[in-house]
Amino acid sequence: MPAHSQACPSTGVGAAQASIASKKPLITLSGNVHPLALPQYDRGPSSGAMHTGRLMLILKRTSQQEQELQQLLSDVQNPRSSSFHKFVTPEQFGQRFGVDDAGLCRVGDGFRATGSP
C-alpha cells in the first residue's frame, strides 16, 4: 500500500477490484501457520503498539485479468503470434495484471475500518 498520506480517490474502476470483506470469515492458507501457534500459548489480545513482524496480504486478479494473462503467456510462447517473445517489463505487468491505486486505497480503507493502522 502507498506509504504516503496522499488522499485516495473515492471512485473509479481499476484494473483489479480489491476489497476487504469484513463480514466474511478469514481464510488461513495451509502451511502458513507457525507450528507453535497453539491455543495453550495464547496470551490474549496484544497492545496496539506490539510489532507484528511479517504479514502477507495476497490479492487475487479479476477473472478478466487472469484470462488476459493466460492469453499473454500463450502468445509470447507461440511462434505464430505477433506477440512471440515480446515480453513485458515488471512495470507493464503490474499495470496490466496488478491492483490499481484505487484498489489499494480500498484495501487500506478496509484495514483502517477494522482498526488496523
Side-chain angles (χ1 to χ4, degrees):
M1 281 188 278
H4 51 77
S5 60
Q6 185 178 13
C8 289
S10 59
T11 61
V13 177
Q17 299 297 318
S19 65
I20 297 292
S22 60
K23 302 295 182 196
K24 292 185 180 179
L26 297 177
I27 298 170
T28 302
L29 301 174
S30 63
N32 290 296
V33 178
H34 194 281
L36 293 178
L38 300 171
Q40 63 260 35
Y41 301 122
D42 189 351
R43 295 182 185 171
S46 63
S47 74
M50 181 179 177
H51 179 68
T52 57
R54 180 179 154 225
L55 296 175
M56 186 180 303
L57 173 66
I58 300 171
L59 303 176
K60 183 179 178 181
R61 285 184 280 279
T62 64
S63 57
Q64 180 181 348
Q65 284 178 309
E66 187 61 34
Q67 184 178 6
E68 290 175 10
L69 175 58
Q70 293 306 316
Q71 185 63 53
L72 173 69
L73 293 173
S74 176
D75 289 347
V76 298
Q77 298 175 61
N78 180 356
R80 295 181 181 167
S81 170
S82 61
S83 298
F84 181 61
H85 282 187
K86 292 184 179 175
F87 301 103
V88 297
T89 66
E91 292 79 16
Q92 293 168 326
F93 187 92
Q95 289 172 350
R96 287 180 67 182
F97 307 113
V99 65
D100 64 356
D101 288 342
L104 287 176
C105 287
R106 286 191 298 276
V107 170
D109 291 345
F111 277 115
R112 283 185 286 283
T114 64
S116 301

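Sequence positions, counted from 1, serve as the residue numbers for this chain.
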Seminar exercise, completed: dist Leu69:CG -> Ser74:OG (nearest 0.5 Å) comes out at 11.0 Å
Exercise. So do the side chains of Phe84 and Val76 get within less than 4.5 Å of each other, counting heavy atoms only?
Worked result: no
Exercise. If you measure from OG on Ser83 to CD on Gln77, what distance do you get to the nearest 0.5 Å?
Worked result: 12.0 Å
Problem set entry | Ion pair check, Asp109 and Arg112, cut-off under 4.0 Å | yes
Exercise. With sequence neighbours left out, which residue pairs that include part of residues 70-91 fulfil the salt bridge (charged side-chain N to carboxylate O under 4.0 Å, His left out) condition?
Worked result: none
Problem set entry | Residue that, paired with Gln64, satisfies side-chain contact (heavy atoms from CB on, under 4.5 Å) out of Glu68, Glu66, Arg61 | Glu68
Exercise. Within the distance-only criterion (no hydrogens, no angle test), does the side chain of Gln65 pair as donor or acceptor with the backbone N or O of Thr62 below 3.5 angstrom?
Worked result: yes
Problem set entry | Audit row: Phe93, Gln95, side chain to side chain contact (heavy atoms under 4.5 Å, CB included) steps and yes/no | CA-CA 5 Å; Phe93 187 92; Gln95 289 172 350; over 6 Å; no
Problem set entry | Phe87 atom CZ: more than 12 heavy-atom contacts under 6.0 Å | yes
For this session: Give a yes or no on whether the backbone of Thr89 and the side-chain of Gln92 come within a donor-acceptor separation of less than 3.5 Å.
Result: yes
Problem set entry | Side-chain touch Val107/Val99, heavy atoms, less than 4.5 angstrom | no
